[in-house]
Amino acid sequence: MDNFPGDRSCKCHGEMEPIAISVRKDGEWMLVHRCKKCGTIHTNRIAGDDDISQLMALAAKPLKNLPFPTVEA
Ligand SMILES: [Zn+2]
């Protein structure tokens with residue numbers, strides 16, 4: 001997504017992929033990244049230069065892929 005050295009890269013220098021959005025109790029949105037190489041989970045504050053539409057798509061993912069079938073009444 002971006003190439004900030006250090007901040008979002010893993011110790012193993014693996015590529016971090018955003019996997020989820022998490023919202024803290026104080027209302028701040030956090031972006032959860034997972035290292036493609038070693039599987040380490042990193043949580044970062046959402047930065048101003050993050051792609052908001054991409055974040056929204058990520059946040060909506062669990063709503064589109066419910067772990068149970070939806071049945072119309
Ligand atoms: Zn790693």
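Because the structure is predicted, anything quoted here is derived from the model rather than measured. Note that ligands are numbered from 1 as they come in the structure, with each ligand's atoms numbered from 1 the same way.
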### Message
Could you see if W29 belongs to whatever hydrophobic cluster contains L31? Use Ile, Leu, Val, Met, Phe, Trp, Tyr and a side-chain cutoff under 4.5 Å.
### Response
yes
### Task
Run the numbers on K37 and C10 for side-chain contact (heavy atoms from CB on, under 4.5 Å), then give the verdict.
CA-CA 9 Å; K37 205 168 166 185; C10 186; over 6 Å; no
### Query
Backbone N or O of G14 within a donor-acceptor pair of the K36 side chain at under 3.5 Å?
no
#### Entry: Lys/Arg-Asp/Glu bridge criterion (N-O < 4.0 Å) met for R45, E28
yes
### Message
Testing the basics here: between P18 and H33, what is the closest heavy-atom pair and its distance to 0.1 Å?
### Response
N-CD2, 3.7 Å
### Task
Might you work through the side-chain contact (heavy atoms from CB on, under 4.5 Å) test for I21 and V32, ending with a clear yes or no?
CA-CA 6 Å; I21 299 284; V32 183; over 6 Å; no
### Message
For distances below 2.8 Å, what is the count of protein N, O or S atoms around the Zn ion (ligand 1)?
### Response
4
